[in-house]
Protein chains: 2
Amino acid sequence: MTVTETETTDTSADICAGPPQGNRRPDGADRYTISEVAALTGLTAHTLRWYERIGLMPHIDRSHTGQRRYSNRDLDWLALVGKLRLTGMPVADMVRYAELVRAGDHTYTERFELLKETREDVLARIAELQGTLAVLDRKISFYADAGRALASERTR
Amino acid sequence: MTVTETETTDTSADICAGPPQGNRRPDGADRYTISEVAALTGLTAHTLRWYERIGLMPHIDRSHTGQRRYSNRDLDWLALVGKLRLTGMPVADMVRYAELVRAGDHTYTERFELLKETREDVLARIAELQGTLAVLDRKISFYADAGRALASERTR
DNA sequence: TAGGACCCTGGAGTGCACTCCAAGCAAGCA
DNA sequence: TGCTTGCTTGGAGTGCACTCCAGGGTCCTA
């Protein structure tokens with residue numbers, strides 16, 4: 001049995017994926033230029049090349065003249081990277097994950113652990129934000145009350 | 001009527017305030033040194049001085065020899081700043097808010113708007129994170145299934 | 001009154017995640 | 001054939017949020 005990242009192909013369950021990365025080409029005809037991928041992902045061409053340089057991308061296929069040709073699979077990987085980036089995960093950690101994927105099946109457990117840790121981080125982050133939301137809501141209602149008091153002062 | 005930030009004194013409703021900023025001194029005896037505030041807030045003394053330099057803090061009281069003496073009110077402000085920082089609000093925006101507070105009552109509406117915008121940002125951020133959580137959960141269960149398959153393969 | 005811990009300042013340095021640049025090659029079109 | 005547009009590279013530059021340093025003053029305790 002082989003544990004690969006092919007499952008990233010399933011993006012059907014994605015909720016609120018940033019910029020709509022709609023018009024994909026069917027598998028087999030999926031050879032996107034860097035600027036097409038930039039448009040599709042919302043990243044700049046600069047950033048895409050940089051991701052590759054630091055090892056965050058698998059080796060991208062090239063045209064006969066050396067230009068990058070991205071596949072649907074590369075797009076899936078970028079979608080995952082985008083999600084992980086949203087969690088605030090440092091790029092270095094994402095590179096580590098990419099290395100594990102490249103290294104093959106024996107890194108399976110480590111990947112699993114990394115994902116579970118990330119999940120915990122995300123839950124903690126959500127809790128933090130909800131705490132902040134509570135503070136914000138108290139302040140907002142304070143200002144709203146003050147606003148009403150000010151208004152009634154004017155009409156008095 | 002005066003709309004000040006005295007309401008920040010009420011921290012009773014704070015949920016999950018980062019490092020427990022418990023042992024405060026009673027109002028009137030609240031003259032903390034910079035290192036005490038550092039311990040209380042989890043910020044470094046460097047960062048506290050830097051916050052002051054960029055205008056993120058009100059003017060901090062000084063001892064007769066020029067050393068900073070923070071008050072409970074300063075601590076409250078720092079708690080709010082900490083919350084806003086958690087939302088990912090840029091420091092420049094927090095400085096803007098601080099300026100509005102310093103400027104007085106006539107900035108009331110602007111502050112209100114800023115808080116409401118921030119609230120929207122936080123809600124959007126939470127939604128994003130929940131989207132990421134969904135992706136993470138799918139991947140995690142994929143790995144868990146793969147793990148079970150691998151295990152049953154071994155016992156076969 | 002000596003020593004060590006703490007505090008002050010302006011300015012320089014750090015780490016991260018991009019972001020841009022210069023110089024050159026390649027493809028499509030008038 | 002020239003022009004425009006897009007792609008290539010290594011390396012340098014940017015903006016943010018700290019983080020640290022040098023050189024000096026202050027506080028407290030023995």
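Residue numbering restarts at 1 for every chain, and letters A, B, ... go by the order of the sequence lines.
Residues B/Ala45 and B/Arg53 both approach DNA chain C. Their nearest nucleotides, taken by heavy-atom distance, put B/Ala45 toward the 5′ side. Place B/Gly88 and B/His46 on DNA chain D by their nearest nucleotides, and B/Gly88 ends up nearer the 5' end. Between B/Pro90 and B/Ser63, the one whose closest nucleotide on DNA chain D sits nearer the 5' end is B/Pro90.
Rounded to whole angstrom, the span from the CD atom of A/Glu52 across to the P atom of C/dT19 amounts to 18 Å. Here the P atom of nucleotide C/dC16 and the CE atom of A/Met94 are 13 Å apart, to the nearest Å. Put simply, CH2 on B/Trp50 is 8 Å from C1' on D/dC16, counting in whole angstrom units. For the pair A/Leu48 CG and D/dC7 P, the interatomic distance rounds to 11 Å; values are reported in whole Å. Straight-line distance from the CD1 atom of A/Ile34 to the P atom of D/dT9: 8 Å, rounded to whole Å. A straight line from CD of A/Glu36 to C1' of D/dG6 spans 11 Å, rounded to a whole angstrom. In this structure, CZ of B/Arg31 is placed 15 Å from C1' of D/dC27, rounded to the nearest angstrom. Atoms CD1 (B/Ile54) and P (D/dG15) sit 17 Å apart, rounded to a whole Å.
For the pair A/Ala45 and A/Ala38, the tightest heavy-atom approach, listed with the atom from each and the gap, is N-CB, 4.0 Å.
Dashed line: the shortest gap from a side-chain N or O of B/Tyr51 to OP1 or OP2 of D/dC18 is under 4.0 Å. Dashed line: the shortest gap from a side-chain N or O of B/Arg68 to OP1 or OP2 of D/dT26 is not under 4.0 Å. Distances shown here put a side-chain N or O of A/Arg62 below 4.0 Å from the OP1 or OP2 atom of D/dT9. Residue A/Arg85 places at least one side-chain N or O under 4.0 Å from the OP1 or OP2 atom of C/dC18. Residue A/Ser35 places at least one side-chain N or O under 4.0 Å from the OP1 or OP2 atom of D/dC7.
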Does the pair B/Gln67 and B/Thr33 meet the rule for a side-chain contact (heavy atoms from CB on, under 4.5 Å), with working shown? CA-CA 8 Å; B/Gln67 297 196 351; B/Thr33 65; 5.6 Å; no
Quick one, B/Tyr32 with B/Asn72, criterion side chain to side chain donor-acceptor pair (under 3.5 Å). Give me CA distance, side-chain angles, the key distance, then yes/no. CA-CA 8 Å; B/Tyr32 308 88; B/Asn72 281 335; 2.6 Å; yes
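Distances were taken from every side-chain heavy atom of A/Thr33 (C-beta onward) to each of D/dC7, C/dC7, D/dT26; the shortest belongs to D/dC7.
A/Asp121 and A/Thr118 are not linked by any side-chain donor-acceptor pair at a separation below 3.5 angstrom, with hydrogens and angles left out of the test.
Relative orientation of the B/Tyr143 and A/Tyr108 rings is tilted, given thresholds of 30° and 60° on the angle between their planes.
Residue-level contact check: A/Arg69 touches neither bases nor backbone, having no heavy atom under 4.0 Å from any strand.
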